[in-house]
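Worksheet for the structure shown next.
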Amino acid sequence: MNSLEQQITELAKAAVKALYNVDAEDSQISLQKTRPEFEGNITLVVFPFVKLARKAPAQVAAEIGEWMTKEAHIISKYNAVQGFLNLSISDAFWVDQLQGIDADDHYGRFDRPNSQMVNDQMVHPLMMVEYSSPNTNKPLHLGHVRNNLLGYSIAKIQEANGWKVVKTNIVNDRGIHICKSMLAWLKFGNGETPESSGKKGDHLIGDYYVRFDKEYKKQIAELMASGKDEETAKREAPLMLEAQEMLRKWEANDPEVRELWAKMNSWVYAGFDETYRKMGVSFDKIYYESNTYLEGKSEVEKGLASGQFYRREDGSVWADLTKDGLDEKLLLRSDGTSVYMTQDIGTAKLRFQDYPIDKMVYVVGNEQEYHFKVLSILLDRLGFPFGKELVHFSYGMVELPNGKMKSREGTVVDADDLMEKMIEDAREISKDKVNTLQGITEEEANEIARKVGLGALKYFILKVDPRKNMLFNPAESIDFNGNTGPFIQYTYARIQSVLRKAEGESTSALKGEALSLDPKELALIQRLTEYPSAVRTAGDEFSPAILCNYAYALACDFNSFYHDLSILNEPDPAKKALRLLLAKNVAKVLCSAMGLLGIEMPERM
RNA sequence: GGUCCGGUAGCUCAGCUGGAUAGAGCAACAGCCUUCUAAGCUGUGGGUCUCGGGUUCGAAUCCCGACCGGAUCACCA
C-alpha cells in the first residue's frame, strides 16, 4: 500500500511537470503535517519551485493545488498560504485507512529487505543485543535500570523492524571486586546467608562489598598514622593484599576459593533474577566472564602469532592502533592476566560460535565510547564479520541533583527500592479512585498498581533521548499525571471500559457508508497512520523515546476526541461504528507501542 | 591539551534530514464531573532556543568561532 506521503509526492512531481515542465527531485518535495491553525491534513512546501515557475509563492501554491485537486480524487480541497499548500484529504481515504489498520494484525511490524523466505518461513537477519551486564558484587541501581529498560526496549523495537533478536547479558562475575566482598564476608560475616538474614542475595553481597571498603579505609588510615604515605598505605593494607591473594587462588582454581565464589555468586544470581523479573526484562542467552576471559586470552595469543599484536619486553601484549588514529592498547598484562578488552574479545568469539550474528549491539554507557571504538577495530582485525559494523548503543548517565551517583557516599538509588516505591505510590493514588475500581479483588488491585507504578518508572526513563544525560531527583516522586506512562495507560483503560460496554456491537454499519468525519476523528486516524514510521524511526535511531512521544501524542488526540464526542451515545449507527472502530484501534496501537517499551497495560485503573 | 556529547520556559524534557507565530508536562492561577473512568478536558501567565559570525527566500535546526557543563584519553571495568 502506498503511503499518503508517497502518493502526494508523486502527485506533486506530476503537477510541477505539467505546470512548469520541470522534473522535480524527490528531495525537493517537502511534506509536513498541516499545522492545526490551518485547514488541511498535509502540507506541501512550494518554495523549491518558485524560482522555476517565476511566480509568487502563493500563486505557485494555488496553481499546484488547483491541478492536484482536479487530478486526484483523494484530495478534497486545498488552500494556499504564502508558500504553503495545505491539502485536505477526503474522508473516504481516511476511513479506508482506518479499516486497513483494523485488518492488519501486525500493524507496525516489518520485514527487512534481507529477510528471506526459506521453506515457507520468513528468516530474518540476526541482531544480538547485549545489555545489563552487571558486576556480581553489588545490587542493581538506577543506572542499571536505564540500561536494562533501554536494552529490552531496543530489542523489542528491532524485532518489530524485522530482526531476529537475541538478547544477551555478560555477567562480570570474576575479578578483584568480587574477591573483596568474598573476603569481607569471610572475615566479618559469621556465616550469614540470605536465608539466615532474610536479605536478598545481591544486597547481602553488596553490604559486604561496602564493608570491605570501610575496613580497608580504616587500615589505610592506621598505616598513614604510623608514617606511611597514602600510596604505600593503599598498596600495603593487609586487606588489599589478602584480596589479591584470593584472586590469585581463584585463577589457580583453588577449590576452597572456588567453592566460596560459586556459593556467593549463586546468592547474587537469585537476587538479580528477582530484580529482572520484577523489571520485566529477560535474556535469551547469558554469558559469564569467568567462562569467556580464557577464550579472550587465547584469541589474543592467536593474534600475537599472526602478527596482529606484539609483545613488549616486560611480557605485556599490545595492539598498535596508531594507524586508526588511536593509541596503543593493552590486551594482556605483563603478568599474563587479562583486562576488560581481552574478556570482550573472548565473549564475542563464543557468541559468534553460538549464533550467526549479522549485527552486534552493545547497550553500554557513553563513558565507554573509546572502549568500543577499540573493540570494533580489534574484532574486525581478528576476522569477526560484525566487528567493523558493531553498534555501541551509547546512552547518557542518570544524574542526581548533586551529580553522579556514588556508592561510597550512599547516594545510590537502588533498583529494587525504586520499583517498590513506585508500586506503592501507584497503590496509594488508586485508593482515591475507588469508584472506578469497585468490586475488584485485592489481587487485581495489586496487579494494577504494579503495572501502573512500573509504567510510570519505565516511561519516565525511556521518554528521554537515550544519548542525553538525564536527571533523577529522589526527593520528588515521579509523576502519574501529564506526559507519563500512567496517562497513556489510563487512556487505554478508558477505551477498554467503553469496549466492554459495547461488547457485541458490530462495526459493520460502516461498510460503504459515505460519512463525514469530525476533525477530531480525522486527526486520530491520521495519527494512527503515523505509527509505522514511528516504529521505523525508533529502530533506525535506536530511540525508544520516539515511541514515547508517539504514544503520548496518540493518547492526547484520543482524550480530546473522547471529551468532545460520545461513542456509545452516538445515535447515527455508522458514526457509532466508526468511533468504536477508532477506539479499538487506538487501544491496539497504544498497547503495541507501549509493548515495544516494555510497559504493560491494565484493562482498568 | 586531543577526541566525543550536550546547552530550548522557574524545573524536567520534545522539536534538530532547514519551513508558517518554537511545543508538552510539572509548578502557579481560573474553569469543566446527575452524561462512555476527572490518573481526564479547556483556558491564563511564562522564551534573547548560551553568545557572535556565516550559508539561505527562510536557521532552534546546517557551517565556523567563542563560552559553559559532562564524558573519555589506565598493566580499572
Contact check, side chains of A/E367 and A/M397, non-hydrogen atoms, under 4.5 Å: yes

Of A/K520 and A/I567, the one whose closest RNA chain B nucleotide lies more 5': A/I567

No-hydrogen, no-angle side-chain donor-acceptor test under 3.5 Å, A/Q59 and A/E63: yes

Separation of B/C13 P from A/I461 CD1 (nearest whole Å): 12 Å

Sugar-phosphate, base or nothing in reach of A/Q82, heavy atoms under 4.0 Å: nothing

Selection from B/A20, B/A39, B/A77 that lies nearest to any side-chain heavy atom of A/N135: B/A77

Any A/R500 side-chain N or O less than 4.0 Å from OP1/OP2 of B/C36: no

Side-chain donor/acceptor of A/Y531 to backbone N/O of A/A593, under 3.5 Å: yes

Side-chain heavy atoms of A/R450 within contact of A/E600, under 4.5 Å: yes

Nucleotide of B/U37, B/A39, B/C57 approaching A/K51 most closely (side-chain heavy atoms): B/C57

Electrostatic pair A/R467:A/D465 at N-O distance under 4.0 angstrom: yes

Listed nucleotide nearest any side-chain atom of A/V464, set B/G15, B/A39, B/C13: B/C13

Touch class at under 4.0 angstrom, heavy-atom based, for A/E476 against every strand present: nothing

No-H, no-angle donor-acceptor pair, A/T43 side chain to B/A20 base, under 3.5 Å: yes

Between B/U37 (P) and A/E603 (CD): distance, integer Å: 14 Å

N/O (side chain, A/N481) to phosphate O (OP1/OP2, B/C26) under 4.0 Å: no

A/R467 side-chain N/O to B/C4 phosphate OP1/OP2 under 4.0 Å: no

Presence of A/K463 side-chain N/O under 4.0 Å of B/G25 phosphate oxygens OP1/OP2: no

A/Y490 side chain near B/A39 phosphate (N/O to OP1/OP2, under 4.0 Å): yes

Sugar-phosphate only, base, or nothing, as touched by A/D465 at under 4.0 Å among non-hydrogen atoms: sugar-phosphate

Aro-ring/base stack A/F47-B/G19, d under 5.5 Å, angle under 30°: yes

Pairwise 5' ranking along RNA chain B for A/N172 and A/K433, keeping only the more 5' one: A/K433

Sugar-phosphate only, base, or nothing, as touched by A/V339 at under 4.0 Å among non-hydrogen atoms: sugar-phosphate

Base of B/G40 and ring of A/Y562 stacked, centres under 5.5 Å, planes under 30°: no

Stacking check A/F38 vs B/A20 (5.5 Å / 30 deg): yes

Ring centroid separation A/Y340 to A/H371 under 6.0 Å: yes

Phosphate OP1/OP2 of B/C76: any A/R333 side-chain N/O under 4.0 Å: yes

Phosphate OP1/OP2 of B/U3 contacted by A/K373 side-chain N/O (<4.0 Å): no

B/C36 glycosidic torsion: syn (within 90° of 0) vs anti: anti

Ring center gap for A/F84 and A/F47 short of 6.0 angstrom: yes

Sugar-phosphate, base or nothing in reach of A/M397, heavy atoms under 4.0 Å: nothing

Touch class at under 4.0 angstrom, heavy-atom based, for A/D335 against every strand present: nothing

Below 4.0 Å: OP1/OP2 of B/G7 and any side-chain N or O of A/K468: yes

Sugar-phosphate only, base, or nothing, as touched by A/V452 at under 4.0 Å among non-hydrogen atoms: base

Any strand: nucleotide that pairs with B/C67 via Watson-Crick or wobble, under 3.5 Å: B/G7

Sugar-phosphate only, base, or nothing, as touched by A/I178 at under 4.0 Å among non-hydrogen atoms: nothing

Sugar-phosphate, base or nothing in reach of A/F460, heavy atoms under 4.0 Å: nothing

Touch class at under 4.0 angstrom, heavy-atom based, for A/Y340 against every strand present: base

Sugar-phosphate, base or nothing in reach of A/N86, heavy atoms under 4.0 Å: base

Touch class at under 4.0 angstrom, heavy-atom based, for A/S430 against every strand present: base

Nearest-nucleotide pick for A/E399, side chain only, options being B/U37, B/G70, B/A14: B/G70

